[in-house]
Undergrad: 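Okay, here's the structure, questions in a sec.
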Amino acid sequence: MYVDRMSTLWVEGQVVEYKPRPGTKMGFFVLRDIETDTSMTVSAFAGILDQAGPGFEEGARIVTRVKPVFWERRGTLNLRAEEIHLQGIGDLLAHIEQLRRRLDAEGLFAAERKKPLPFLPRTVGLICGRNAKAKDDVIVNASARWPRIGFEIREVAVQGEYCVREVTTALRELDAIENVDVIVIARGGGSVEDLLPFSDEILVREAAAARTPLVSAIGHEGDAPLLDLVADYRASTPTDAARRIVPDQQLEYDGLARATAAMRTALARRIDAERHALELLTSRPILHQPGAVIDGHTAIIETHLRSLRHQIERVLTSEMTAVIQAHASLIALSPQATLQRGYSLLKTPSGQLIRSADDIKKGDLIEGVLAHGRLVAQVVGATTTPLPEKP
């Protein structure tokens with residue numbers, strides 16, 4: 001139901017009806033808002049009523065932290081008290097509520113202002129009470145998770161009139177130390193009066209101005225001092241703060257072991273996949289006989305070469321035949337061939353061929369060109385033979 005999901009709230013009013021019932025686990029009283037003149041039944045466990053003190057009676061002005069409760073069987077809505085305080089503390093709580101609203105309006109509690117805590121701080125700054133259990137809770141639990149973690153400790157007053165001044169001074173000191181990577185303010189709960197200094201405006205603003213990430217471990221789950229709202233992380237207890245500021249060494253080792261195993265498995269799987277792909281490639285016939293890729297091209301080239309050779313041979317044969325025939329024709333028509341048949345050429349000393357007896361006269365020297373060699377002779381006589389008449 002919606003009512004069950006509602007958060008707790010502070011209510012101020014006057015007790016107008018209360019009948020103590022000794023021995024019972026649950027008590028009831030009626031709380032009236034004087035300004036609006038409205039009343040509502042409030043239930044509370046006996047221990048809560050006893051903590052309110054002897055002043056809790058009809059007519060008392062109180063401030064109580066309540067949670068709405070719906071009784072389905074009766075169909076009624078009332079309030080269940082988790083804390084009850086008489087009027088004096090109520091005024092302080094009202095002032096703190098006003099301060100909370102003002103600081104919230106300034107953005108001091110905004111989520112975007114929160115600084116992330118370091119994964120593994122070099123040194124943890126710890127502000128705690130003197131010889132307080134909260135100190136041991138933080139140191140013991142943090143050291144159990146990460147044995148080599150170091151601490152810079154400031155023991156101060158964590159309640160009373162000196163609390164704000166000493167906690168603020170310690171916070172400034174730790175924030176100025178370079179290797180302090182996170183600061184824890186630990187107390188471990190207490191009454192509302194004890195926790196009031198941790199809602200002081202000076203301390204809250206100093207915490208907001210700190211450069212170092214801040215962890216608040218002031219109250220228990222139900223407590224809500226303003227320091228919790230401005231801190232970068234609100235721990236429910238000092239033990240919770242110790243778990244948050246350092247990692248668990250064994251868990252980190254286990255995580256590394258799992259990550260290493262996962263990487264090895266992934267790497268082995270990748271190697272197997274690549275080996276399988278390589279085997280598929282090497283099993284292809286083309287890789288067994290690499291020359292098969294060019295065998296077809298080689299055959300084509302050889303075919304073309306043979307064809308070219310045949311064509312060249314045919315051309316050469318044809319040209320050779322033509323040369324032989326031309327040579328035979330040249331030989332047949334050559335004057336040397338005529339000379340070889342027993343003929344000779346006669347020339348005058350000037351080298352002119354003698355074609356007619358009229359070209360020479362008795363006593364001229366003539367040169368004879370034979371098939372083999374030359375001779376010189378002197379004309380002793382010449383007879384002219386008339387040319388035949390043309391038809």
Side-chain angles (χ1 to χ4, degrees), residues 103 106-190 194-220 223-249:
L103 296 180
E106 294 180 20
L108 265 65
F109 306 148
E112 54 269 20
R113 292 188 71 258
K114 305 295 183 184
K115 296 179 287 293
L117 302 186
F119 171 73
L120 180 59
R122 291 171 293 177
T123 302
V124 175
L126 176 59
I127 301 174
C128 58
R130 296 177 177 86
N131 301 318
K133 184 178 182 299
K135 170 186 172 182
D136 296 333
D137 287 344
V138 173
I139 295 176
V140 171
N141 287 280
S143 299
R145 292 170 63 83
W146 199 270
R148 292 182 296 277
I149 190 65
F151 288 90
E152 185 73 28
I153 302 173
R154 296 292 185 272
E155 294 185 349
V156 298
V158 291
Q159 67 182 58
E161 60 178 317
Y162 301 110
C163 176
V164 173
R165 184 181 64 192
E166 293 188 9
V167 172
T168 301
T169 301
L171 179 59
R172 289 173 183 167
E173 291 177 0
L174 294 176
D175 191 39
I177 299 177
E178 181 180 357
N179 65 337
V180 172
D181 294 328
V182 65
I183 298 173
V184 179
I185 302 179
R187 175 185 159 81
D194 293 339
L195 299 181
L196 285 176
F198 296 99
S199 293
D200 185 87
E201 183 174 0
I202 295 176
L203 176 56
V204 172
R205 290 190 179 278
E206 189 67 30
R211 296 177 295 104
T212 308
L214 179 65
V215 175
S216 172
I218 299 302
H220 295 298
D223 301 323
L226 298 185
L227 183 64
D228 284 352
L229 303 179
V230 78
D232 298 299
Y233 179 78
R234 190 262 184 187
S236 57
T237 62
T239 300
D240 177 44
R243 295 194 184 104
R244 184 64 183 83
I245 58 177
V246 293
D248 189 310
Q249 180 176 270

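Bear in mind that the values here come from a model prediction, so they are computed numbers and not experimental data.
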Undergrad: Does Leu195 reach the side chain of Leu227, with side-chain heavy atoms less than 4.5 Å apart?
TA: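 Not in contact.
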
Undergrad: Please tell me if the side chains of Asn141 and Arg145 come closer than 4.5 Å, counting only heavy atoms from C-beta onward.
TA: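 No - every pair of side-chain heavy atoms lies 4.5 Å or more apart.
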
Undergrad: For the pair Lys135 (side chain) and Leu126 (backbone), establish whether a donor and an acceptor sit closer than 3.5 Å, ignoring hydrogens and angles.
TA: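 Flag not set: sc Lys135 to bb Leu126 has no pair under 3.5 Å.
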
Undergrad: Determine yes or no for a side-chain-to-main-chain donor-acceptor pair under 3.5 angstrom, with Ser199 supplying the side chain and Leu226 the backbone.
TA: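 Checked: pair present.
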
Undergrad: Mark yes or no: Arg187 above the aromatic ring of Phe198, with NZ or CZ under 6.0 Å from the six-membered ring centre and no more than 45 degrees from the axis.
TA: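 No - Arg187 does not lie over the ring of Phe198 by the 6.0 Å and 45° rule.
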
Undergrad: Does some side-chain heavy atom of Arg244 sit less than 4.5 Å from a side-chain heavy atom of Val215?
TA: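 With C-beta onward as the side chain, the pair stays apart.
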
Undergrad: State, yes or no, whether a side-chain contact exists between Arg205 and Leu103 at a heavy-atom distance under 4.5 Å.
TA: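 Heavy-atom side-chain distance check passes, below 4.5 Å.
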
Undergrad: Ignoring hydrogens and angles, tell me if any N or O in the side chain of Arg113 forms a donor-acceptor pair with the backbone of Ala208 under 3.5 Å.
TA: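 Checked: pair present.
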
Undergrad: Is the closest side-chain heavy-atom distance between Asp200 and Val167 below 4.5 Å?
TA: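 Side-chain contact under 4.5 Å: no.
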
Undergrad: Side chain of Arg154, backbone of Thr169: donor and acceptor closer than 3.5 Å?
TA: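 No: the side chain of Arg154 does not pair with the backbone of Thr169.
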
Undergrad: Does Thr239 offer a backbone N or O that forms a donor-acceptor pair with the side chain of Asp137 under 3.5 Å?
TA: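 Not at all, since once roles are kept as given, no pair shorter than 3.5 Å links the two residues.
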
Undergrad: Is the side chain of Arg211 donor-acceptor paired with the backbone N or O of Asp175 at a distance under 3.5 Å, no angle test?
TA: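 Yes; at least one donor-acceptor contact below 3.5 Å.
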
Undergrad: I'd like to know whether Ile245 forms a side chain to side chain contact (heavy atoms under 4.5 Å, CB included) with Trp146, so could you lay out the CA-CA distance, the side-chain angles of the two residues, the decisive distance to 0.1 Å, and finally the verdict.
TA: CA-CA 10 Å; Ile245 58 177; Trp146 199 270; over 6 Å; no

Undergrad: Any sub-3.5 Å donor-acceptor pair from Arg234's side-chain atoms to Asp228's backbone N or O?
TA: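 No: the side chain of Arg234 does not pair with the backbone of Asp228.
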
Undergrad: Is the shortest side-chain heavy-atom distance between Ile149 and Ser143 below 4.5 Å?
TA: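 Yes, their side chains come closer than 4.5 Å.
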
Undergrad: For a quick test of reading the model, state the closest non-hydrogen atom pair linking Leu108 to Val230 and the distance between them.
TA: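 Looking at all heavy atoms of both residues, the shortest contact is O-CG2, 3.6 Å.
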
Undergrad: The test is side chain to side chain contact (heavy atoms under 4.5 Å, CB included); show your working for Cys128 and Val158 and say whether it passes.
TA: CA-CA 7 Å; Cys128 58; Val158 291; 5.6 Å; no

